[in-house]
Amino acid sequence: MSQERYNPQAIEEKWQARWQKEKPFACTHQSNKPKYYVLEMFPYPSGNIHMGHVRNYSIGDVVARFKRMQGFNVLHPMGWDAFGLPAENAAIKHGVHPAQWTYANIDNMRAQLQRLGYSYDWPREVATCRPEYYRWEQLFFLRLLEKGLVYRRKAPQNWCPSCHTVLANEQVIDGLCWRCDSRVEQKDLTQWFLKITAYGDELLDDLARLEGGWPERVIAMQRNWIGKSLGAEVVFGLEKSFDGVDSLSVFTTRPDTLFGVTFMTLAPEHPLVEHLVQGYEKADEVRAFVERIRHMDRLDRQSDTLEKEGIFTGAYAVHPLTGERIPLWLGNFVLADYGTGAVMGVPSGDQRDFEFARKYGLPIRVVVQPQAVSLDPDSMTEAYTAPGIMVNSGQFDGMDNEEGKKAVTALLQSQGKGKATTQFRLRDWNISRQRYWGAPIPVVYCESCGVVPEKEENLPVTLPLDIKVRDDGRSPLPETPSFVQCTCPRCGKPARRETDTMDTFVESSWYFARYTDARNASAPFDPAALAYWLPVDQYIGGVEHAILHLLYSRFFTKVLRDFGYFPANVAEPFTNLLTQGMVLKDGGKMSKSKGNVVDPTEMIQKYGADTVRLFCLFAAPPERDFDWSDSGIEGASRFLARVWRLFTESQGYLLPLAACAATADDTDSPEARELRRKEHLTVKKAGEDMGDRFQFNTAIAAVMELVNTMYLTRERLCQSERGKRVFSSAMATVLTLLSPITPHLSEELWTQLGHEAPLSDQPWPQWDAAATIQDSITVALQVNGKLRGTLSIAANADKATMEAAALADASVQRHIGQLTVRKVVVVPGKLVNIVAN
RNA sequence: GCCGGGAUGGUGGAAUUGGUAGACGCAGCGGACUCAAAAUCCGCCGGGUUCACGCCCUUGCGAGUUCAAGUCUCGCUCCCGGUACCA
């Protein structure tokens, strides 16, 4: 056995070499064991892993290793989200091809991950930029096209001038590009859209299935983003018809206030505006207003400090129930792309309408007011939006307004002037990107046939690699004749290939399923493998993907299920989600510009992978942010050296393998009983913390306590053979409990204990309740709820005995003094509280 | 505004079902070992008060429920995240 001091580098190299050679973590779906699929969000191959990756993957690796020891058949794969803009930017900057840059980064980062000893099933590795991967995505695109779930549309799009591409709504954060923070502009373009809105209801409703498994806030964020509103569409007639258009629809969540409509407001972009102003003497003023609002910066226009402005169009609508004339206004606060782009104005029931009416002197009519209170339109200072009773509403007077929503809608429906409807905030997903380094969209444009999907047998449409990246950042594809020039799959005439590529979020929307059968060259998935592995049991990643990636993956899961690729019973991709916090430094995000980056590679060189893993897990519970601490990692390193020393310095105490299984018979001394008890309690706690609660920090703390106890008791304990047996058993337990966290150190010492089979193949230890029982326990003594002492008493003492012992306690007596004891509360095993006054 | 989360020593954080608040670590202080230092080992470590035993206070603030509240209820403050003229 070795007496050397702890040398992580040598140990880790040895075990990693073995894992790479023997691939002990590869798995198959042909197994009798229960399955467990644990997945961490795959990285973009940016060049080097950072501490956030280390934290993310260390958490996943503990779960994977722990579940394996618990007897599960564990799938724990890794791959690369390899398409994307940084590769093109690097190409411009360094003159290397995006593919070369990407593959080099993958090789480098794979080595870094292997240097951390993660137990991945490497044979399943995928890289989304390989044709063997994206060809299936192109197949899905063709299916989506067949089913009408992808379509082309010209509309104003989010355009990032710095990335030279459009962005999905989800990729615009506060008006800025999610990647480069440039101000996003609006640009009219024809683009490909995935019809995610067709799944709006299901995406919303199925959030209920995720409760308990997903963090509340992620569910709430998705709910907000989908933004479903129940209400009614109301059709107002137009006083004069324009080009055969004689009505104007609005969406409202408050049909109960329909009788309070005194005006209507349209978005300046509303298509009817030019018609409405025809013949109006102030038409030019209206046009000027429209132009001014249109050219306002989008961010400024959305700011909440923007003053409400409007202008009368000269035209009138007709109220569907009362036949009143309703003036039509334009308003800068009305959004063209939500609802119908027009709203009914009810100043008494909507604060915006109230302000608008006050500003422009429009009438206010109260239609809902609190019970037994009369609201006066002239003296009101704000709209009344709370529940109430309907008034001034014809036949609906006196009705509760909630009921009124349904009643008014029903009446409108019966007259063909409206219907119940829902609106979503969610928009269809623009997946076109004007970029080179992405998956080609498999369609061609033919002069005679129009837009034609590529034939399935012609897939993949391979992204050409023999291109020259342009210095201005624009895609080279449109000027790559070998790619653009093609033949029409339908008529065989020359045609032009689509040069936009797909949003890289498409690749990451289904990768978790491809891992189940990653090398399949004839189909995207093997149904048997999918049926076995899906859904992912535990998904782990950053909360920054709470909307983007997680929403898209949920959408794809439902689509691929409906297409028959996924099993019919798989509704959601990720049963449980853990969103880990960020690794900060000096209270802020690590960034090159701030110069506060802690490089994992350096840390591994200095302390070893086990220490880095241990510290990342010990510093804080996984979902919380934590601040990197240089002295903190010293502490983690110290602990592992302490375990190593405890082992190597105890050579004379550690028994040969066969003799080290301790039993209750061996606890012939108080130290032995205490250590054995501590050992079993630690097994219990570590198992619960790692497996059920994902509180790795407290699991580690418990093992530290066990190690501390071993240090303190080993001299006295190991005087006897039986004591040595208890000590040896505890040592083996320490190594086992730590093995998911610090696998190299654990395996190494396990081997030195004389074991042939690796520790990773051992079952997770059982704890014996009998071993945790104590003869005597300490209970708290309280008088009137305040702690006044403690009492050592037989663990099985009954209530009467505890009460008597408590009352006999000197400190308790002193505090009772002259008071009369009114009541004694006895909690067996815990405390005695004496109530006296 | 709405939705979600949070606030505990010098510090990161424990306290799982309401039952001895501060586990474990970091930093600090004291001691042992050493020519010395590092490393290591042992001890102390919320605040006030006391020679001491103790006593009082303490989980953002204020009420309440309870024999007992960091934990439950109500009302606030502040911080973080999401979302928003969404009709």
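Protein chains get the first letters and strands the later ones, always in sequence-line order, with residue 1 at the start of each. Predicted model only: the values in this text are computed from it and were never measured.
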RNA chain B: 5'-proximal contact among A/S811 and A/V835 (nearest heavy atom): A/S811
Residue-phosphate contact under 4.0 Å: A/S229 side-chain N/O, B/rA87 OP1/OP2: yes
Candidates B/rU20, B/rC85, B/rA87 - which lies nearest the side chain of A/F333: B/rC85
Neighbour count >12 (heavy atoms, 6.0 Å) for atom CZ, A/R209: no
Sugar-phosphate only, base, or nothing, as touched by A/K685 at under 4.0 Å among non-hydrogen atoms: base
Minimum-distance nucleotide to A/D350 side chain [options: B/rA87, B/rU16, B/rU20]: B/rA87
Assigned partner base of B/rU77, Watson-Crick or wobble definition, under 3.5 Å: B/rA7
Sugar-phosphate, base or nothing in reach of A/R645, heavy atoms under 4.0 Å: sugar-phosphate
Presence of A/R425 side-chain N/O under 4.0 Å of B/rA84 phosphate oxygens OP1/OP2: yes
Pair partner, B/rC41 [Watson-Crick or wobble, under 3.5 Å]: B/rG31
Phosphate OP1/OP2 of B/rG54: any A/R814 side-chain N/O under 4.0 Å: no
Interface polar pairs with nucleotides 69-71 of chain B, N/O, under 3.5 angstrom:
none

Give every pair of a protein N or O atom and an N or O atom of nucleotides 23-28 of chain B that lie under 3.5 Å apart, one pair per line with the distance.
unit_1	atom_1	unit_2	atom_2	d
B/rA23	O2'	A/E705	OE2	2.9
B/rG25	OP1	A/N708	ND2	3.3
B/rC26	OP1	A/R638	NH1	2.7
B/rC26	O2'	A/S631	OG	2.8

Complement of B/rA23, any strand, by Watson-Crick or G-U distances under 3.5 angstrom: none
Trace of the ring-ring contact (aromatic ring centres under 6.0 Å, His included) decision for A/Y360 with A/W329: CA-CA 10 Å; A/Y360 293 107; A/W329 286 64; 5.0 Å; yes
Ring centers of A/F356, A/F263 separated by less than 6.0 Å: yes
Short N-O contact, A/R677 and A/E674, less than 4.0 angstrom: yes
Nucleotide of B/rG19, B/rU83, B/rG13 approaching A/N224 most closely (side-chain heavy atoms): B/rU83
Sugar-phosphate, base or nothing in reach of A/T265, heavy atoms under 4.0 Å: nothing
Side-chain N,O (A/R788) to OP1/OP2 (B/rA68) below 4.0 Å: no
Derivation and outcome, side chain to side chain donor-acceptor pair (under 3.5 Å), residues A/E170 and A/W225: CA-CA 9 Å; A/E170 288 79 6; A/W225 188 264; 2.9 Å; yes
Under-4.0 Å side-chain N/O to phosphate OP1/OP2 contact, A/K308 with B/rC85: no
A/V827 side-chain proximity, nearest of B/rA84, B/rG19, B/rG82: B/rG19
Sugar-phosphate only, base, or nothing, as touched by A/V543 at under 4.0 Å among non-hydrogen atoms: nothing
Proximal nucleotide (of B/rU83, B/rA15, B/rC86) relative to the A/I547 side chain: B/rU83
Close side-chain approach of A/V54 and A/V583, heavy atoms under 4.5 Å: no
Phosphate OP1/OP2 of B/rU58: any A/K786 side-chain N/O under 4.0 Å: no
Sugar-phosphate, base or nothing in reach of A/F626, heavy atoms under 4.0 Å: nothing
Base-pairing mate for B/rA84 - Watson-Crick or G-U, with both contacts under 3.5 Å: none
Mutual orientation of the aromatic rings belonging to A/W628 and A/F615 [parallel < 30°, tilted 30-60°, perpendicular > 60°]: perpendicular
A/I226 CD1 - B/rG82 P separation (whole Å): 17 Å
Anti versus syn assignment for B/rG18, with syn defined as within 90° of 0: anti
Point-to-point distance, once rounded to the nearest 0.5 Å, from CG of A/L831 to CG of A/L787: 9.0 Å
Sugar-phosphate, base or nothing in reach of A/D353, heavy atoms under 4.0 Å: nothing
Side-chain H-bond candidate by donor/acceptor type, A/T713 with A/E671, under 3.5 Å: no
A/Q782 CD - B/rG19 P separation (whole Å): 11 Å
Whether A/Y653 and A/F727 hold their rings parallel, tilted or perpendicular, with breakpoints at 30° and 60°: perpendicular
Touch class at under 4.0 angstrom, heavy-atom based, for A/P621 against every strand present: sugar-phosphate
Candidate nucleotides B/rU83, B/rG13, B/rC55, ranked by approach to the side chain of A/R624 - the nearest: B/rG13
Gap in Å between the two P atoms, one belonging to B/rG4 and one to B/rA14, rounded: 23 Å
A/Y711 six-ring centre to A/R642 NZ/CZ under 6.0 Å and within 45° of normal: yes
Within-4.5 Å side-chain heavy-atom neighbours: A/L412 and A/P320: yes
Touch class at under 4.0 angstrom, heavy-atom based, for A/L712 against every strand present: sugar-phosphate
N/O (side chain, A/R352) to phosphate O (OP1/OP2, B/rC86) under 4.0 Å: yes
Selection from B/rG81, B/rG19, B/rC86 that lies nearest to any side-chain heavy atom of A/K830: B/rG19
Any donor-acceptor N/O pair, A/H270 side chain to A/T265 backbone, under 3.5 Å: no
Any strand: nucleotide that pairs with B/rG18 via Watson-Crick or wobble, under 3.5 Å: none
Contact nearer the 5' end of RNA chain B, comparing A/V343 with A/V825: A/V825
Any A/H815 side-chain N or O less than 4.0 Å from OP1/OP2 of B/rC55: yes
Any A/Q423 side-chain nitrogen or oxygen under 4.0 Å from OP1 or OP2 of B/rA87: no
